[in-house]
Amino acid sequence: MNPELYFTPIIAPQETLVRQPKTGKLNLKMASGEISMFKLTTSSGNSIEQPVRSSERFSGVLVVQLERPIPASQIVLTFRGGERRHTEPKASGKVVKTEYFTTDLTLWKALRKGTGASTVLSDGTHVFNFSCQMPHLNYPQTTQQPQYDITYELSAKLYSPKIGGGDDFVAAHVEKDIFLTPLVTAIPPAQPTQIAETLFFEKKGKKGKPAVELRAGLSNNQIIPGTKLLIDMSIKELSSASWTNVVVKLFERTRCKESTASPSAQPVWSVDRVLAQNSHVCPTVYSFFLNDDVIGGAASK
C-alpha cells in the first residue's frame, strides 16, 4: 500500500529571496560512493505550466540506490508551503516567514525490536511510492519576486544513527519545488465592469480644460492564466486635440501589511508588476484582446 499525505493547515511564524528552483538535487553527508542515487520525482506540479491546484492529488516516487549497505534509521518525506517577505520595499529589511502548512510522512523506518532488529538499509535500489493531496484551501500561486516569494516544497531526508549515540543525523537530503496555481472561485457580476473618467489637459502642473472622456468595460472580472481578456473602450473628444494612440496595461499590485487585523491600514510597501501590455490606434472605438500568454500563464488580479 502506498503511503499517503493528508494535510492540516498550520499558521505559524517561520529567510535572500529570488532563490533558484529546487528540482531534486541530492545533498549527501555520507562517504562518497555509498549513495549513488537519491531522487525525488512527482507526477505534476513540476512547472507553472503543469501546476497542481487546491484539493488536487498527485503522486510521486523516491528512488534510493545504494552501492553497499548503510546504517539508517528512517526516511521521512515532508511537504510544506509558506511565504517569505521583506519588511522594507527595497528588499533590504528583515525577512519574515509565514508557514501555511506542513506535514511529514515516514516512507521507511528501521526495525528496532525483536530478533530481527536492524538499523541497516540494504544495498541495491529502493523505490518508495507515495501520493499527496493539496490542502482544501485556495492558497496563493507559486511566486518568486525580489520583495517576496511563495513556495510549496517537497523534501526527503535519510537519517542515520550517530556512532556512540545521540540524535540521528541527515545522511542524504533532496528538495523539490511544487508549483501551485489556485482555483478561480470569484463569480463575475451579471453586468460587465465599467469605468468612466474625464481626462484634462495639464499646463505648468495645473489642470486645464477637459480633453477626452474615456470609458472602458471588461467582459468579466475573472482572469484565468492562458486566456484572453476582452476590453471595450471608447473615447469621446472634448476638445480639438488629436488622439492617435492608446496604451493598455494589465498589472499586478502586491501590498505588504504588518497585520490583517485592520483591513483599512496602509501597507508598509506596495509593488506593481506589469503582466501584459498592448497598444492600438483607432479613430473612436477600441476593441481588442490582451493575451495573457505573454506572462507565461501567471495568475493576476
Side-chain angles (χ1 to χ4, degrees), residues 1-10 12 14-15 19-47 50 52 56-82 97 99-135 142 151-180:
M1 179 180 295
N2 294 341
E4 295 184 344
L5 292 176
Y6 296 93
F7 307 102
T8 301
I10 301 174
Q14 271 270 306
E15 187 198 28
R19 62 172 176 79
Q20 292 296 318
K22 299 176 180 179
T23 58
K25 183 180 179 180
L26 172 62
N27 181 15
L28 290 178
K29 294 185 178 179
M30 299 193 70
S32 175
E34 291 185 346
I35 304 177
S36 56
M37 181 182 293
F38 197 73
K39 186 177 181 180
L40 184 63
T41 58
T42 56
S43 60
S44 59
N46 299 305
S47 67
Q50 188 193 15
V52 295
E56 191 170 279
R57 184 177 294 276
F58 62 95
S59 60
V61 61
L62 174 69
V63 179
V64 182
Q65 187 170 319
L66 305 177
E67 297 302 319
R68 60 179 65 90
I70 63 170
S73 55
Q74 62 180 341
I75 298 175
V76 178
L77 185 74
T78 301
F79 189 31
R80 63 171 59 90
K97 291 183 178 181
E99 190 172 83
Y100 298 155
F101 63 86
T102 185
T103 189
D104 294 330
L105 174 69
T106 301
L107 296 178
W108 174 86
K109 193 169 186 178
L111 181 63
R112 295 178 181 270
K113 295 181 180 180
T115 57
S118 174
T119 56
V120 173
L121 188 60
S122 62
D123 58 337
T125 301
H126 303 267
V127 178
F128 302 96
N129 295 288
F130 60 87
S131 66
C132 306
Q133 183 175 3
M134 284 298 301
T142 300
T151 57
Y152 304 89
E153 181 183 293
L154 269 178
S155 66
K157 295 179 181 180
L158 187 154
Y159 292 87
S160 291
K162 274 188 177 180
I163 299 176
D167 295 336
D168 295 348
F169 70 95
V170 179
H173 182 204
V174 64
E175 297 176 327
K176 184 180 188 303
D177 283 332
I178 300 297
F179 292 83
L180 169 73

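Predicted model, so just to flag it, every value in this text is computed and none were measured.
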Listed by chain and number, what are the side-chain contact (heavy atoms from CB on, under 4.5 Å) partners of T41, not counting sequence neighbours? K39, V61
With sequence neighbours excluded, what pairs up with Q65 under the side-chain contact (heavy atoms from CB on, under 4.5 Å) test? S36, M37, E67, T125
Judged by atom type as modelled, is there a donor-acceptor pair below 3.5 Å linking the side chain of [X] to the main-chain atoms of [Y]?
{"X": "E153", "Y": "G82", "answer": "no"}
{"X": "S59", "Y": "S131", "answer": "no"}
{"X": "S73", "Y": "P161", "answer": "no"}

Side-chain heavy-atom pair W108, L62 within 4.5 angstrom cut-off: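 No. Closest side-chain heavy atoms not under 4.5 Å.
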Give me the ring orientation class for F101 and Y152: parallel if the planes are under 30° apart, tilted from 30 to 60°, perpendicular past 60°.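 Geometry flag for Y152 against F101: parallel rings.
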Going by side-chain hydrogen bond (donor to acceptor under 3.5 Å, both in side chains), name the residues that satisfy it together with [X], two or more places apart in sequence or in a different chain.
{"X": "S44", "result": "none"}
{"X": "E56", "result": "none"}
{"X": "S122", "result": "none"}

Derivation of the side-chain contact (heavy atoms from CB on, under 4.5 Å) call for F79 and I178: CA-CA 9 Å; F79 189 31; I178 300 297; 4.0 Å; yes
Applying side-chain contact (heavy atoms from CB on, under 4.5 Å) to T42 and V52, what does each step give before you reach the verdict? CA-CA 11 Å; T42 56; V52 295; over 6 Å; no
Y159 and V170: which non-hydrogen atoms are nearest, and at how many Å? CE2-CG2, 3.6 Å
